[in-house]
Q: 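One structure, pasted below without further comment.
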Amino acid sequence: MNLLVTGGAGFIGSHVVRRLVTNYPEYTIYNLDKLTYAGNLENLKDVDQLPNYNFIKGDIVQEDFINDLFERINFDGVIHLAAESHVDRSIEDPLAFVRTNIIGTVNLLNAAKKSWSGKFSRKRFYHVSTDEVYGSLGKEGLFTEETSYDPNSPYSASKASSDHFVRAYGETYNLPFVISNCSNNYGPYHFPEKLIPLFINNIIENKALPVYGDGKYTRDWLFVEDHARAIDLIFHKGKDRETYNIGGFNEWQNIDLIKLLCKVMDRKLNRNEEESEKLITYVKDRPGHDLRYAINATKINEELGWKPSVTFEEGLEKTVDWYLNNSEWLKHVTSGDYKEYYSKMYS
Ligand code: NAD
Ligand code: DAU
C-alpha cells in the first residue's frame, strides 16, 4: 500500500507517521509537508531511516505540484493532516487558513479523484478534522457526530469548510472518504504556541503564564498517541462516508489544568511548592473565545473498540518529562521566528 500522509512533520502528523512506518513495514509511507514554522523533521529523526519512510517537501496549495505527485505515485490512501492549526494565528491572518485548509484540501481531493478515476475500490481519503467545527458548548452537553456545525474562529471556519468539501466529493463524485473530529491533543513534539507546551516552556524560563480572560474556558484533552491510534483504527476499520468523534473523556477548565501543570513542574524542577503558580498572569481574552468543547466518543468506542489508554495525570507527566529531556528540541523551535511571534502576540 502506498500511503500519503500530509502534515507528517507537525505535532500529530509526526505521531501518525511514526506509528504507521513502525507498525506497517509492508506499507510505503510518503510524508508530504511544506515545513512551515510548525513542521519539523527533527520530530521524526528516530524513524526517518526506516526503508518504508519517504519525505516529500511540498505545499498542498500548489495545484500543479499536487497533481503531478498523484500522477507519479499511485496512492492507495491519503491521511490528510496538513493545516494551519493555531486559532490565535487565524485571528491575525485568516487568508493563510483559507489557502492551506480549504484550497489545499480541495487540491488534494481533485488530485485523488483524477488519479483514482472512478476506480475507488480499496481507496480511501481520510480527512483529519477538529471538534472546533461544532462551535462552543454551554455548561452542559457533549458534541456528537450529529451536532450542527457552528464554527466561531477563522481556523474552525476553514476546517468546517474543508470537512464540507470532503463530504461533497463523496456525495458528488463517490470519492470514498472518512472524517474524524478530535478534541485538544497534548504530548511530545507539540509546538509551544499552544497552551500546554507554551506554559511548560514559560515555566522553565520563569516567564509569565498568560491566561486568557478569566481562565474558566473548558477543553477536553487527549494524549496525542491515543489520537494517532484512533486515526490508524479509523483508516483501517472505519466505515466509508462516516464521521468519528474522538475525545479524551477528560474535561478541564484552563485554570485548573494550569495549576496542575504548575505543581508537576515545581516537583520536576525541584522548585518550592506554588512557585510556578506565581507566574500566572490574566491577560486580554481571545476574541470569539469558545467557552467549552467536550466530545461524546461513544461511536468510536462502540464501533471500533477505541478508548484513551493514558490518564491525564500520566499523560501530563510523560509530556513534562519529554520537554525536560528534550531541551535541545525546545531551544531549537523557540529560536528565530518564534521570538518575533511571541512578542507580537503577548507584548
Ligand atoms: P501542526 O500545526 O503541528 O502541524 C501542521 C503540519 O502541516 C506542519 O508540519 C506544517 O508544516 C504542515 N503544513 C502546513 N501548511 C502546509 C501546506 N500548505 N502544505 C503542506 N504542509 C503544510 O498541527 P497539528 O496540531 O499536528 O494538527 C494536525 C491536524 O489535526 C490539523 O488538520 C488540525 O486541524 C487537526 N487537529 C489538531 C488538534 C490539536 O489539538 N492539535 C486537534 C484536533 C484536530
Ligand atoms: O479542540 C481541538 C483544537 O485544539 C485543535 O483543532 C487546534 O488545532 C488546537 O490548537 C486546539 O485549539 P485551542 O484553541 O483549544 O488550543 P490552544 O492551546 O490555543 O488553547 C487552549 C485553551 O487555552 C484555550 O481556551 C485558550 C487558552 N489559552 C491559550 C494560549 C495559547 C490561554 O489561556 N493562553 C494562551 O497563551
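Just so you know, these numbers use all the heavy atoms, side chains as well, and skip hydrogens, waters and symmetry mates. For clarity, every value in this text was computed on a predicted model and none was experimentally measured. For ligands, and for the atoms within them, numbers begin at 1 and follow the listed sequence.
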Q: Does any N/O atom on Glu132 come nearer than 3.5 Å to any N/O atom on ligand 2?
A: yes
Q: Does Phe235, at its CZ atom, have more than 12 non-hydrogen atoms belonging to other residues, nucleotides or ligands within less than 6.0 Å?
A: yes
Q: Any atoms of ligand 2 less than 4.0 Å from a non-hydrogen atom of Asp131? List them with their elements.
A: 1 (O), 2 (C)
Q: Quick test of your reading of the structure: of Arg219, Arg292, Gln253, His86, whose heavy atom lies closest to atom 15 (O) of ligand 2?
A: Arg219
Q: Looking at Thr130, which atoms of ligand 2 are within less than 4.0 Å of one of its heavy atoms?
A: 1 (O), 2 (C), 3 (C), 5 (C), 6 (O)
Q: Among protein heavy atoms, which lies nearest atom 8 (O) of ligand 2, and at what distance?
A: Ser85 O, 2.7 Å
Q: Hey, which atoms in ligand 2 end up nearer than 4.0 Å to a heavy atom of Tyr293?
A: 1 (O), 15 (O)
Q: If hydrogens are left out, which of Lys194, His190, Glu193, Arg286 has an atom nearest to atom 19 (O) of ligand 2, that is, the closest non-hydrogen atom?
A: Arg286
Q: Test Glu193 against every option in Tyr37, Tyr342, Tyr338 by the side chain to side chain donor-acceptor pair (under 3.5 Å) rule and name the one that passes.
A: Tyr37
Q: Can we say Lys57 and Asp33 salt-bridge, meaning some charged N sits less than 4.0 Å from an Asp/Glu carboxylate O?
A: no
Q: Out of the candidates Asp163, Asp131, Thr130, only one should pair with Asn181 under the side chain to side chain donor-acceptor pair (under 3.5 Å) rule; please name it.
A: Asp163
Q: Does Val166 belong to the same Ile/Leu/Val/Met/Phe/Trp/Tyr cluster as Ile231, with side-chain heavy atoms less than 4.5 Å apart forming each link?
A: no
Q: Is the shortest distance from a Lys or Arg side-chain nitrogen in Asp226 or Arg229 to a carboxylate oxygen in the other one below 4.0 Å?
A: yes
Q: Check if His289 has a non-hydrogen atom at a distance under 4.0 Å from any atom of ligand 2.
A: yes
Q: Got a sec, which residues hit side chain to side chain contact (heavy atoms under 4.5 Å, CB included) with Arg271, two or more places apart in sequence or on another chain?
A: Ile203, Asn206, Asp266, Leu269, Glu275, Ser276
Q: Hey, do the aromatic rings of Tyr186 and Phe223 have their centres closer than 6.0 Å?
A: yes
Q: Please state which part of Tyr217 comes within less than 4.0 Å of ligand 2, counting heavy atoms only: side chain, backbone, both or neither.
A: side chain
Q: Going by the closest heavy atom to atom 16 (O) of ligand 2, which one wins out of Leu195, Leu198, Asn184?
A: Asn184
Q: Could you tell me the residue and atom name of the protein heavy atom closest to atom 34 (N) of ligand 2, and the distance to it rounded to 0.1 Å?
A: Pro210 O, 2.8 Å
Q: List, by chain and then residue number, the residues other than Phe143 in its hydrophobic cluster (Ile/Leu/Val/Met/Phe/Trp/Tyr, side-chain heavy atoms under 4.5 Å); write none if there are no others.
A: Val133, Tyr134, Leu137, Tyr149, Tyr293, Ile295
Q: Looking only at protein heavy atoms, which one is nearest to atom 33 (O) of ligand 2, and how far off is it?
A: Tyr212 N, 2.9 Å
Q: My understanding is that we take every heavy atom of each candidate and find the minimum distance to atom 23 (O) of ligand 2. Doing that for Leu209, Leu291, Asn254, which one comes out nearest?
A: Asn254
Q: For this output row, return yes or no: ring centroids of His15 and Tyr189 closer than 6.0 angstrom.
A: yes
Q: Looking at Asp88 and Arg286, is any side-chain nitrogen of the basic one under 4.0 Å from a carboxylate oxygen of the acidic one?
A: yes
Q: Tyr323 vs Trp329 aromatic rings, parallel, tilted or perpendicular, using cut-offs 30° and 60°?
A: perpendicular
Q: Listed by chain and number, what are the salt bridge (charged side-chain N to carboxylate O under 4.0 Å, His left out) partners of Asp240, not counting sequence neighbours?
A: Arg124
Q: What do we get for Ser183 next to ligand 2 when only non-hydrogen atoms under 4.0 Å count, side chain, backbone, both or neither?
A: backbone
Q: Using ring centroids (six-membered ring only for Trp), state whether Phe75 and Tyr30 fall under 6.0 Å.
A: yes
Q: If you count the atoms of ligand 2 from 1 in the order shown, which ones are under 4.0 Å from a heavy atom of Val211?
A: 33 (O)
Q: Looking at ligand 2, is there an atom of it that comes within less than 4.0 Å of some heavy atom belonging to Lys159?
A: no
Q: Look at atom 6 (O) of ligand 2 and find which of Tyr346, Phe143, Tyr155 reaches it with the closest heavy atom.
A: Tyr155
Q: For ligand 1, run through the N/O pairs with the protein that fall under 3.5 Å and put one pair on each line.
A:
unit_1, atom_1, unit_2, atom_2, d
ligand 1, 2 (O), Ser85, OG, 2.6
ligand 1, 3 (O), Phe11, N, 3.1
ligand 1, 9 (O), Gly10, N, 3.0
ligand 1, 9 (O), Asp33, OD1, 3.2
ligand 1, 9 (O), Asp33, OD2, 2.6
ligand 1, 11 (O), Asp33, OD1, 2.5
ligand 1, 11 (O), Leu35, N, 3.4
ligand 1, 11 (O), Thr36, N, 3.0
ligand 1, 11 (O), Thr36, OG1, 3.1
ligand 1, 18 (N), Asp59, OD1, 2.8
ligand 1, 18 (N), Thr100, OG1, 3.1
ligand 1, 19 (N), Ile60, N, 3.0
ligand 1, 21 (N), Lys34, N, 3.1
ligand 1, 23 (O), Ser85, OG, 3.3
ligand 1, 26 (O), Phe11, N, 3.4
ligand 1, 26 (O), Ile12, N, 2.8
ligand 1, 32 (O), Leu81, O, 3.0
ligand 1, 32 (O), Lys159, NZ, 2.6
ligand 1, 34 (O), Tyr155, OH, 2.6
ligand 1, 34 (O), Lys159, NZ, 3.1
ligand 1, 40 (O), Asn185, N, 2.9

